[in-house]
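Below is one structure, written out as structure tokens, with a few remarks after it.
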2 protein chains.
Amino acid sequence: MASRSSRVTLRDVAEAAGVSVATCSYVLSGRADRIKPLPEATRRRVEQCARRLGYEGNTAARSLRRQRSELIALIYAPPVGPWLDRLTMQCEDLAADRRYSVIGVPIRSLDRAAQSLRVVTRGHVDGAIFTPDLADHLDLTAARRSTRALMVFSEHLTAPGIDVIRNNVEQSVAEATTYLIAAGRRRIAFLAHAGMASPLSSDRYLGYAGALERAGIAVDPRLVRAGAEAREDAVLVVRDLLDLPEPPDALVSESDRGAFAALQAASDRGVKVPDDLAVIGTGNTKEAGYSSPPLTSVGMYELDFTEIVEALFARIDDPTLPARELSMPWTLNRRLSA
Amino acid sequence: MASRSSRVTLRDVAEAAGVSVATCSYVLSGRADRIKPLPEATRRRVEQCARRLGYEGNTAARSLRRQRSELIALIYAPPVGPWLDRLTMQCEDLAADRRYSVIGVPIRSLDRAAQSLRVVTRGHVDGAIFTPDLADHLDLTAARRSTRALMVFSEHLTAPGIDVIRNNVEQSVAEATTYLIAAGRRRIAFLAHAGMASPLSSDRYLGYAGALERAGIAVDPRLVRAGAEAREDAVLVVRDLLDLPEPPDALVSESDRGAFAALQAASDRGVKVPDDLAVIGTGNTKEAGYSSPPLTSVGMYELDFTEIVEALFARIDDPTLPARELSMPWTLNRRLSA
DNA sequence: TTGTACGCGTTATCAC
DNA sequence: GTGATAACGCGTACAA
């Protein structure tokens, strides 16, 4: 009979326990011992009532007052791969230590991005991590003003109060391409993300095209194709490429996912990897070690984001910290596919 | 000089525009025409000031007052596959029409679930969708009380005011297993999710084991292995299985991901699919059509979640709606792998 | 232990 | 006609 149909508020608990909301707040928010510890009896009574009523608090009210939500956000563009999974899990683990929770914010398209990002720009997310390629196409000023910390994977962005991670994407993909050229490959295909913005402006593509250019090889537009996001698309695209009168003898994919698809398409067509077709992926996910053949991939040597997440929390604790630039250069991780 | 270092509030805009916060609120929240439309001049002035100052509102304050956050949550357990990607994207699209945003809530482990779910249980998420296998292991009462709508993939759960989706998982997996038996397979392996709870209690496993039992075949524990989550694990596990003195002649995987890995492991070991090894996956993701051989998979025929999301929004609009039970039975989608 | 101002926007009511 | 006042939602934290 005591149960209202709606949420249980602090006031309900206070009434039930016969104390003031202030006392309840102290007890339930842990800070029961601000100066003089409350008597055990009171404390227990409050806790019991809270449990019995199923009190759950209200984040909106708390974070409005505290100006802290104990929430961090991961901004990403689906589809999700093992790369983001790993980041998510590590965030979760590190956040749990500090009693923070993690939420994901999927961005479907650039024109709807502002809408999706309201959680970050108008809500009170204490910190946010923008996955690669996103930050370069979004306006971060609103997000910056509304959060205590922003961590961004970006090669070029530089903004006050925002921490960035540099992967040296262009350079490392160029290295990979050059490696293929040195191995005698001449018809090197590129499997691009359809992406949010023009695929031909991605750092990965720039690295690929730059390396070709420096080697005096013209980019053959027929060898540059989108489809790296979805495995099923990639398979079709690569089959297509292999059916060309002059098929590629190597392929660089903007994702490991696309590269795996290439391996499969090659197998479908009876094309030997790496003999007839060298394949290099991007991301260096764990799966790369277990494909057949194991996939050569450009990426972080170990997918360890601990430092990044720690830095985010450091800035949440103290937003006046100078903006940092974390360098985590990608490398070419050679396996058997190239 | 007008710019404070902190957030811009409605009060700031009001001061700048020389009107009251109430007026600003009316203008900026769209309800400018509460009864009598405000003069264009005032409205424009307010809008200009808001833009100039970079006003972004404050979700905490708004949702505290309105008791609405215009946010829906997707609760899931990483790693993420194409299944969740599709759900995410469809949610995003349908949410955008109603000016809602979507957030993801990753759950790492059951004992930390309550912490992760605070966004749902204490925050003001208007609605939440729990992906399969999650709801059965979580206490949803808090989430239920704190949201207007809950949509849950579950075979067994039945709770007042919660909408559920029934996939007939056990039955459909049993059918698939029976199909393998009818085709003469006798050593049928099962690739399980390590999962949050005991793998041996999953509906999928129950369907598999039940079908075997009904056919008078004993479950061989050596043929039941975990590892369906991560492709790299699955490859190793299936290789292991194939190296057994008495290797399996068929395999049912709790995910398509694991089934793809099985295809690869088979290819690594020179085992022919489906001749030497029949493989059936779960989820019926689009990729299934493009593996080699194309993967037979149990799952929704088309991954279309529109009805589900619409139902969620319907309940958000009117929480008094009777709890619905959406039936979306899985079927066996035959391709070449079995 | 408690009263209460506060954080920020919303909306019903009131005043010029 | 135009726009301001003020109560409100819910928890927090300082002063009493």
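Look at B/R62 and you'll find a side-chain N or O under 4.0 angstrom from OP1 or OP2 of C/dT10. Side-chain nitrogen and oxygen atoms of A/S20 include none within less than 4.0 Å of the OP1 or OP2 phosphate oxygen of C/dG3. An OP1 or OP2 oxygen of C/dC6 is reached within less than 4.0 angstrom by no side-chain nitrogen or oxygen of A/Q67. Not one side-chain nitrogen or oxygen of A/S25 sits closer than 4.0 Å to the OP1 or OP2 atom of D/dA13. Using a 4.0 Å cut-off, some side-chain N or O of A/R66 falls inside it from OP1 or OP2 of D/dA13. Contact annotation: B/T9 side-chain N/O to C/dC8 OP1/OP2 distance is not under 4.0 Å. Within the structure, a side-chain polar atom (N or O) of A/Y55 is placed less than 4.0 Å from OP1 or OP2 of D/dG11.
Side-chain contact annotation: B/E92 with A/S116, donor-acceptor N/O pair under 3.5 Å present. Side chains of A/D126 and A/Y100: a donor-acceptor N/O pair is present below 3.5 angstrom, by distance only.
When the C1' atom of D/dC8 is taken as reference, atom CZ of A/R11 falls 11 Å away, rounded to whole Å. Rounded to an integer number of Å, the gap from B/L53 CG to C/dG9 P is 12 Å. Look at CG on B/L28: it is 10 Å from P on C/dG9, rounded to the nearest Å. At whole-Å resolution of the value, CZ in B/R43 and C1' in D/dG1 are 15 Å apart. In this structure, OH of B/Y26 is placed 11 Å from C1' of D/dT5, rounded to the nearest angstrom. Across the protein-nucleic acid pair, A/L10 atom CG and C/dT2 atom P stand 13 Å apart, rounded to whole Å. The CG-C1' distance, from B/D12 to C/dG7, rounds to 13 Å in whole Å. Whole-Å rounding puts the A/E70 CD to D/dT12 C1' distance at 13 Å.
The side chain of A/V21 has C/dT4 as its nearest neighbour among C/dT4, C/dT13, D/dG9. The side chain of B/L64 has C/dG7 as its nearest neighbour among D/dA4, D/dA15, C/dG7.
In this structure, A/E325 pairs ionically with A/R166, as a charged nitrogen and a carboxylate oxygen lie closer than 4.0 Å.
Residue pairs meeting the ring-ring contact (aromatic ring centres under 6.0 Å, His included) criterion with at least one member in residues 119-147 of chain A, sequence neighbours excluded, do not occur.
Residues A/N58 and B/P39 both approach DNA chain D. Their nearest nucleotides, taken by heavy-atom distance, put B/P39 toward the 5′ side. Remark on DNA chain D: of its neighbouring residues B/G18 and B/A61, the 5'-side contact belongs to B/G18, judged by nearest-heavy-atom nucleotide.
Within 4.0 Å of A/S63, counting heavy atoms only, lies no atom of the nucleic acid at all.
Ring centroid separation for the pair B/Y76 and B/W83 does not come in under the 6.0 Å cut-off.
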